[in-house]
Amino acid sequence: MSRVRTRPTRADTRERLFEAAARVFEERGIGAASIEVIAAAAGFSRGAFYSNFASKDELIIVMLEDHAERSLQHHRDLLARHRDTTDYIVALGATERSRQDPLGRLPLLHMELILFVARAKKRRPELAKRLRARRALTAEIVAVTNPAAGRKGRIDPAWAGATLLAMEDGFRLHRLIDPDTTPADSFLKAVSELRRIIARR
């Protein structure tokens with residue numbers, strides 16, 4: 001009985017290219033990583049790469065977009081189940097969102113790719129779009145999990161969302177530089193402490 005060979009779907013091909021690109025970028029650096037090497041690392045031809053992406057730049061932008069969408073969906077799923085601030089923070093700390101996400105597993109590479117895109121002015125709108133989406137979702141999380149949000153003199157969800165994202169990115173950078181003094185849960189600890197301070201006001 002002959003075996004029927006099935007070709008990988010477009011989604012499967014892209015996933016393999018994301019994983020291969022992450023490995024190659026880590027090993028060789030973004031500038032030295034050629035399309036041929038990335039395709040070969042994924043087990044594909046150069047033609048297979050170009051059937052999915054027009055260039056290495058496009059691959060990087062789509063990788064960042066994919067990472068952002070996975071992260072947003074992860075937070076949406078948590079918000080659907082946890083409507084209280086404390087519950088949400090605990091659930092966020094207990095979940096693992098990076099198992100199927102190469103950039104989630106490689107925070108240094110994630111930042112390198114962001115800087116690579118940001119260096120070219122024409123590419124920045126792509127990053128700005130993702131940032132605005134993250135801010136909007138974080139503002140929604142603040143509004144939903146904190147009944148006082150939006151009341152006069154209390155918490156502005158939009159500004160609180162921007163502040164929380166800046167804190168998260170800052171702690172991520174600090175952990176890359178000095179992991180000994182920046183535990184993995186530093187951001188969540190800071191959010192919990194801020195919540196206690198605000199509650200005492």
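Numbers here are sequence positions counted from 1. On a predicted model such as this, the values are computed, not experimentally measured, just so you know.
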- Query: Applying the 4.5 Å side-chain criterion to the ILVMFWY set and letting contacts propagate, would Leu109 and Ile35 be lumped into a single cluster?
  - Reply: yes
- What residues form a side chain to side chain contact (heavy atoms under 4.5 Å, CB included) with Ala139, not counting sequence neighbours? Pro157
- Query: Do you reckon Leu165 sits in the same ILVMFWY cluster as Val144, going by side-chain contacts under 4.5 Å, direct or chained?
  - Reply: no
- Message: Return the CD1 to CE distance between Ile114 and Met111, rounded to the nearest 0.5 Å.
- Response: 6.5 Å
- Item | Under 3.5 Å: donor-acceptor pair, side chain of Ser71, backbone of Ala68 | no
- Query: Under the ring pair (Phe, Tyr, Trp, His ring centres under 6.0 Å) test, which residues partner Phe53, sequence neighbours left out?
  - Reply: Phe49
- Any residue meeting side chain to side chain contact (heavy atoms under 4.5 Å, CB included) with Thr145, in chain and number order, not counting sequence neighbours: Leu79, Thr85, Tyr88, Ile141
- Mind checking whether Leu131 and Ile61 sit in one hydrophobic cluster, side chains of I, L, V, M, F, W, Y counted as touching below 4.5 Å? no
- Between Pro107 and Gly104 the two heavy atoms that sit nearest each other are CD-O, 4.3 Å
- For residues 175-190, the salt bridge (charged side-chain N to carboxylate O under 4.0 Å, His left out) pairs (sequence neighbours left out) are Asp185-Lys189
- Task: Please report the closest heavy-atom contact between Ala21 and Leu59, naming both atoms and the distance.
- Result: CB-CD2, 3.7 Å
- Start with the C-alpha distance between Arg70 and Asp66, add both sets of side-chain angles, then the distance that settles salt bridge (Lys or Arg N to Asp or Glu O under 4.0 Å), and finish with yes or no. CA-CA 6 Å; Arg70 290 182 198 234; Asp66 175 75; 2.7 Å; yes
Show me the side-chain donor-acceptor pairs of residues 120-130 shorter than 3.5 Å, one per line, residues at least two apart or across chains.
from   : atom 1 : to     : atom 2 : distance (Å)
Arg123 : NE     : Asp57  : OD2    : 3.0
Arg123 : NH1    : Phe116 : O      : 2.8
Arg123 : NH2    : Asp57  : OD2    : 2.7
Arg124 : NE     : Ala118 : O      : 2.7
Arg124 : NH2    : Ala118 : O      : 3.4
Arg130 : NH2    : Glu65  : OE2    : 2.4

- Task: Please determine if Arg23 and Glu26 form a salt bridge, counting it only when a charged side-chain N lies under 4.0 Å from a carboxylate O.
- Result: no
- Item | Sequence neighbours excluded - salt bridge (charged side-chain N to carboxylate O under 4.0 Å, His left out) pairs with any residue from residues 132-146 | Arg134-Glu168, Arg134-Asp169
- Just how far is it from atom CG of Asp156 to atom OG1 of Thr163, taken to the nearest 0.5 Å? 9.0 Å
- Task: Please identify each residue that fulfils side chain to side chain donor-acceptor pair (under 3.5 Å) with Glu69, with sequence neighbours left out.
- Result: Arg76
- Give, for atom CG of Leu108 and atom CZ of Arg172, the distance between the pair rounded to the nearest 0.5 Å. 12.0 Å
- For the atom pair CG (Leu113) and NE2 (His67), what is the distance rounded to the nearest 0.5 Å? 10.0 Å
- Query: Between Ala22 and Met63, which heavy-atom pair has the shortest distance, and what is it?
  - Reply: N-CE, 4.2 Å
- Message: To check you understand the geometry: which heavy-atom pair defines the closest contact between Leu188 and Gly93, and what is its length?
- Response: CD1-CA, 3.3 Å
- Query: If you take all heavy atoms of Gly161 and Val142, which pair is closest and at what distance?
  - Reply: N-CG2, 4.5 Å
- Note on the structure: CG (Leu164) and CH2 (Trp159) are apart, to the nearest 0.5 Å, by 11.5 Å
- Roughly how far, to the nearest 0.5 Å, is CE of Met167 from OG of Ser186? 10.0 Å
- Would you please name every residue forming a ring pair (Phe, Tyr, Trp, His ring centres under 6.0 Å) with His82, sequence neighbours left out? none
- Remaining members of hydrophobic cluster (4.5 Å side-chain criterion), Val90: none
- Task: Please examine the side chains of His174 and Thr181, heavy atoms only from C-beta on, and report whether any two atoms are closer than 4.5 Å.
- Result: no
- Message: Please determine whether residues Ile30 and Leu115 belong to a single hydrophobic cluster, defined as Ile, Leu, Val, Met, Phe, Trp and Tyr linked transitively by side-chain heavy-atom distances below 4.5 Å.
- Response: no
- Task: Tell me, please, which residues at least two apart from Asn52 pass side chain to side chain contact (heavy atoms under 4.5 Å, CB included).
- Result: Arg10, Thr13, Arg14, Leu17
- Query: Mind checking whether Tyr50 and Val62 sit in one hydrophobic cluster, side chains of I, L, V, M, F, W, Y counted as touching below 4.5 Å?
  - Reply: yes
- Can you list every ring pair (Phe, Tyr, Trp, His ring centres under 6.0 Å) pair that touches residues 8-38, not counting sequence neighbours? none
- Task: Scan residues 119-141 for pairs that pass ring pair (Phe, Tyr, Trp, His ring centres under 6.0 Å), counting only residues two or more places apart or in two chains.
- Result: none
